[in-house]
Amino acid sequence: MAAGKGTRLKSKHPKVLHEIGGKPILSHVIAAAKKVVPASDIFVIIGHEADRVREAVAGAGVNFVVQAEQRGTGHALMVAREALSGNQQGNKYDQVIVLSGDAPLITAETIKVLSGFHSAQKATMTLLSADLDNPFGYGRVIRKGKATNAEVLAIVEEKSATTQQTKIREINSGFYAFDAAALYDNIDKLSTANPHGEYYLTDMAGVFHRARKKVAAIKTHNASEILGSNTRAEMMVLDAQVRLAKCRALLDQGVTVFYPHTCVIDSDVEVGADTIIEPFVQLLGSTKIGADCRIRSYSVIENSSIADGVIVRPGTIMEDSRVGAGAVIGPYSHLRPGSDVGEGAHVGNFVETKKMKLGKGSKANHLSYLGDAEIGEGVNIGAGTITCNYDGVNKNKTVMEDGVFIGSDSTLVAPIRIGRGAYVAAASCITEDVPADALALGRARQSIKEGWAKEKREARKEKRS
Ligand code: UD1
Ligand code: CA
């Protein structure tokens, strides 16, 4: 179920697209579901901002059911009737498992336990419950007696609960297993006679109980798995939990993460063994980092791939880029999208790159801008070198062939090609191609005025006296 608006978030974005661990909440739930059943058996009920939600999770290969008007969780299942119960020839599915699209910590294991317990109990409806110290806001589970496995009589929502009922700590998680046929034979018995005027799926417990059908509940031991994200405060708690769990998983895989509370590591990030992640590092999106790397403090690396043995020095910003094995980046380098740094290459202080390929062993160590450039192997780029790639209309390309040496403070006006092994003298402005093995000088010739400074000084002294 992912059709709701998420009013309590006060957001223009649909609730299920808010991110936990750098990934939409709904994507977490779908990922867990996909470990239980094939994507073709998953139906995502969308409604509020349906197109945006559909687009965000389209890659998962799941089906969608549109609940155009959101009239409650019961109504969401009514709308899914055709998709889930098939045609007159009979039911498509024996069991329907319902997941809340706003509870991202649910695991495949717990869904399997719920489903298995439901079958073993031969129940018509089974809900996943949990004991919470602070059950406020959740539906409470009303059982027939105190036994752990006592039958469920009803679920009572916070707003409808009596003072006595609000004291119940066992809450409804919003995850259920149903007998599909029974669900759709009885779902029309739901009514909107409640404080929200909605069809509550939770009321199916009472409906089945009255129809003398068994309603069971299984309590999860890991209550944090079922936490919902109805408010920003709840999201903050979940996000911290997901990220800490991610750090723990990395530690288990042989990665060192110092001060994990200060790091922001998204769920899908991969890191190889013996890599060290220093405090205040952000690894975002689909970033992949190899083994034996060191990612130093204050670096922000997004959707990038870094090979083994790379050192990323402090304050490096990297986005949609690739770095080859043994390269050294930073401090304070800015690798913008499309940067591809070769094996053993160096990109140093205050060097900005964009759509640039830097060959094996090449070095740009200080204060440069390298954009729309194809740079060969063993190239040395002096401090302050600038590729003038933009003429106000087009982006033009700079090519530096293998073994080129660019003297400091040179400007290379693209489109331009510096031939294999050529030298560019420091402070040159290069506007024409340089042939291989040549020296290009593009600056005014120096002239000397002997004694000029001394004469000036003496003239000043005379004036004062
Ligand atoms: C629901 C349960 C409550 C339970 C809690 C657990 C009901 C009536 N109450 O409350 O007992 O303790 O979950 O987190 O079910 N949705 C739709 N269509 C709708 C309404 C909601 O798809 O018309 C989706 C929402 O997008 C959300 C999920 O269903 O992903 C749950 O809805 P929400 O409004 O968050 O229910 P809760 O108030 O949390
Ligand atoms: Ca909720």
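All values derive from a computational prediction rather than experimental measurement.
Between the side chain of Ser173 and the main chain of Leu128, a donor-acceptor pair closer than 3.5 Å is present. Using modelled atom types, one side-chain atom of Tyr390 and one backbone atom of Gly392 make a donor-acceptor pair closer than 3.5 Å. Of the possible donor and acceptor atoms, none in the side chain of Thr353 sits under 3.5 Å from a partner among the backbone N and O of Leu370. With hydrogens and angles disregarded, no donor-acceptor distance shorter than 3.5 Å links the side chain of Asn303 to the backbone of Asp320. Put simply, the side chain of Ser11 gets close to the backbone of His13: a donor and an acceptor are under 3.5 Å apart. Remark: side-chain polar atoms of Ser100 are not paired, donor with acceptor, to backbone N or O of Ala103 under 3.5 angstrom. No donor-acceptor pair closer than 3.5 Å links the side chain of Thr385 to the backbone N or O of Asp409. At least one donor-acceptor pair closer than 3.5 Å links the side chain of Lys246 to the backbone N or O of Ser267. A donor-acceptor contact shorter than 3.5 Å is absent between the side chain of Ser286 and the backbone of Val269. Put simply, the side chain of Thr316 never gets that close to the backbone of Pro331: no donor and acceptor are under 3.5 Å apart.
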So Gln241 and Ser224, side chain to side chain donor-acceptor pair (under 3.5 Å) or not? Walk me through it.
CA-CA 9 Å; Gln241 210 162 309; Ser224 62; 3.2 Å; yes
Apply the test side-chain contact (heavy atoms from CB on, under 4.5 Å) to residues Glu157 and Thr202: give CA-CA distance (whole Å), side-chain angles for both, the deciding distance (0.1 Å), then the verdict. CA-CA 8 Å; Glu157 292 302 297; Thr202 47; 3.3 Å; yes
Working note: His75 + Gln67, criterion side chain to side chain donor-acceptor pair (under 3.5 Å); need CA distance, chi angles, decisive distance, verdict. CA-CA 8 Å; His75 182 247; Gln67 184 196 14; 2.9 Å; yes
- With side-chain contact (heavy atoms from CB on, under 4.5 Å) as the test, would you mind laying out the steps for Gln95 and His118 before giving the verdict? CA-CA 9 Å; Gln95 193 186 99; His118 175 74; 3.3 Å; yes
message: Quick one, Val312 with Arg294, criterion side-chain contact (heavy atoms from CB on, under 4.5 Å). Give me CA distance, side-chain angles, the key distance, then yes/no.
response: CA-CA 6 Å; Val312 175; Arg294 188 168 189 115; over 6 Å; no
With salt bridge (charged side-chain N to carboxylate O under 4.0 Å, His left out) as the test, would you mind laying out the steps for Asp340 and Lys355 before giving the verdict? CA-CA 8 Å; Asp340 182 345; Lys355 265 197 194 158; over 6 Å; no
**Asked** Is there a side-chain contact (heavy atoms from CB on, under 4.5 Å) between Glu198 and Arg71 once you walk through the steps?
**Response** CA-CA 5 Å; Glu198 292 184 344; Arg71 300 174 62 194; 5.7 Å; no
*Take Ser229 and Glu234, measure what side chain to side chain donor-acceptor pair (under 3.5 Å) needs, and give me the verdict at the end.*
CA-CA 5 Å; Ser229 39; Glu234 286 175 356; over 6 Å; no
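Inter-residue side-chain proximity for Ile187 and Leu77 is flagged as met; some heavy-atom pair is nearer than 4.5 Å. Contact annotation: the side chain of Thr398 never approaches that of Asn389 to less than 4.5 Å [non-hydrogen atoms, C-beta and beyond]. Taking 4.5 Å as the limit, every side-chain heavy atom of Ile406 sits out of range of all side-chain heavy atoms of Asn380. Side-chain atoms of Asn365 and Asn349, non-hydrogen and from C-beta on, never get closer than 4.5 Å to each other. Side-chain atoms of Ile317 and Ser333, non-hydrogen and from C-beta on, never get closer than 4.5 Å to each other. Under the 4.5 Å side-chain criterion, counting only non-hydrogen atoms from C-beta, Leu284 is not in contact with Ile301. Side-chain contact between Ile418 and Glu401 is absent, with no heavy atoms from C-beta onward closer than 4.5 Å. Contact check for Ile265 versus Val281: no side-chain heavy atoms found under the 4.5 Å cut-off.
Across Val424 and Ser410, no two heavy atoms sit closer than the pair CG1-OG, 3.7 Å. Here the closest non-hydrogen pair linking Pro14 and Glu49 is CG-CB, 3.7 Å. The two atoms that bring Pro415 and Asp433 nearest to each other are O-OD1, 4.4 Å, heavy atoms only. Nearest heavy-atom pair across Ala32 and Ile106 is CB-O, 3.5 Å. Looking at every heavy atom in both residues, Lys34 comes nearest to Ala60 through NZ-O, 2.9 Å. Between Ala83 and Tyr93, the shortest heavy-atom contact is O-CE1, 4.1 Å.
The number of heavy-atom neighbours closer than 6.0 Å to CD of Gln253, taken from other residues, nucleotides and ligands shown, is above 12. When the shell of 6.0 Å around NZ of Lys363 is examined, it contains 12 or fewer heavy atoms from other residues, nucleotides or ligands. At most 12 non-hydrogen atoms from other residues, nucleotides or ligands lie less than 6.0 angstrom from CZ of Arg417. Heavy-atom neighbours of Phe64 CZ from other residues, nucleotides or ligands within 6.0 Å: above the threshold of 12. Within 6.0 Å of NZ on Lys35 lie no more than 12 heavy atoms contributed by other residues, nucleotides or ligands. Atom OH of Tyr423 is surrounded by 12 or fewer heavy atoms from other residues, nucleotides or ligands within 6.0 Å.
Salt bridge absent: Arg420 and Asp437 never bring a charged side-chain N and a carboxylate O closer than 4.0 Å. A salt bridge links Lys354 with Asp372: the closest approach of a Lys/Arg side-chain nitrogen to an acidic carboxylate oxygen falls below 4.0 angstrom. Between Glu319 and Arg336, no side-chain nitrogen of the basic residue sits less than 4.0 Å from a carboxylate oxygen of the acidic one, so the salt-bridge criterion is not met. Checked for salt-bridge contact, Asp102 and Lys15 meet the test: a charged N lies under 4.0 Å from a carboxylate O. Arg248 has no carboxylate O lying under 4.0 Å from a charged side-chain N of Asp252, or vice versa, which leaves the two without a salt bridge. Note on Glu278 versus Arg296: salt bridge recorded, some NZ/NE/NH1/NH2 to OD/OE distance being below 4.0 Å.
Taking the ring centre of Tyr184 as origin, the terminal cationic atom of Arg81 falls outside the region bounded by 6.0 Å and 45° from the ring axis.
Asp391 and Asn396 are linked by a side-chain donor-acceptor pair at a separation below 3.5 angstrom, with hydrogens and angles left out of the test. Using a 3.5 Å distance cut-off with no hydrogens or angles, the side chains of Thr220 and Asn222 do not pair a donor with an acceptor.
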